[in-house]
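What follows is a short report on a single structure.
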Amino acid sequence: MDTSNPAVFVNAQLIPNFIGKRVRTVVQVNQYSGGVATAKSTDDSQLTIKGLPQVPIMNFIEVIGIAESSNSIDAELWTDFGNTFDTNSFNQLCQLANGEFKGLFL
């Protein structure tokens, strides 16, 4: 596993802490046009994800990329998780990965 450029687990609330850095999040795609998706974060905020190929509407996707602003990510990699995902568990993971157990998450 390459650990030279880790991606921090974030939800929309945490993105402002990592602008310009590599992040990893899960969103539900609401709209897609020309490589840009409008999506709902796991903590119910709207994010813009740039650099995506065609993505199924209403599916959850994991995105790894650079946080461009507090509500925008330039995607490098993405994985389609389908139309069901436990958003509460992901939010708890984000809190652990950026809090008490940060040392366990690269």
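Side-chain atoms are counted along with the backbone in the values below, which use heavy atoms only and exclude waters and symmetry mates.
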Looking only at heavy atoms, what is the nearest atom pair of [X] and [Y], with distance?
X	Y	value
F101	F105	O-CD1, 3.2 Å
P16	A12	CD-O, 3.4 Å
E68	D74	OE2-CB, 3.5 Å
A37	L52	CB-CD1, 3.7 Å
S70	I19	N-CD1, 3.8 Å
R22	P6	CB-O, 3.8 Å

Does any part of the side chain of [Y], heavy atoms only, come nearer than 4.5 Å to the side chain of [X], both counted from C-beta?
X	Y	answer
I49	V55	no
F60	T87	yes
L77	E62	no
W78	V29	no

Between atom [atom1] of [X] and atom [atom2] of [Y], what is the distance when rounded to the nearest 0.5 Å?
X	Y	atom1	atom2	value
T79	N59	OG1	CG	12.5 Å
T25	I61	OG1	CD1	9.5 Å
I15	S45	CD1	OG	8.5 Å
Q28	T84	CD	OG1	10.0 Å
Q46	T38	CD	OG1	5.5 Å
N88	D43	CG	CG	11.0 Å

All pairs passing side chain to side chain donor-acceptor pair (under 3.5 Å) where residues 7-21 contributes a residue, at least two apart: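 Every side chain to side chain donor-acceptor pair (under 3.5 Å) pair that includes a residue of residues 7-21, provided the two are not neighbours, is N11-N91.
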
State plainly whether one hydrophobic cluster holds both [X] and [Y], where clusters connect Ile, Leu, Val, Met, Phe, Trp and Tyr through side-chain heavy atoms under 4.5 angstrom apart.
X	Y	result
F90	V10	no
V63	I57	yes
F9	V27	no
L93	V26	yes
F18	L47	yes

Side-chain donor or acceptor of N83 paired with backbone N/O of M58 under 3.5 Å: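 Judged by distance alone, no pair lies under 3.5 Å.
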
More than 12 heavy atoms of other groups within 6.0 Å of Q31 CD: no

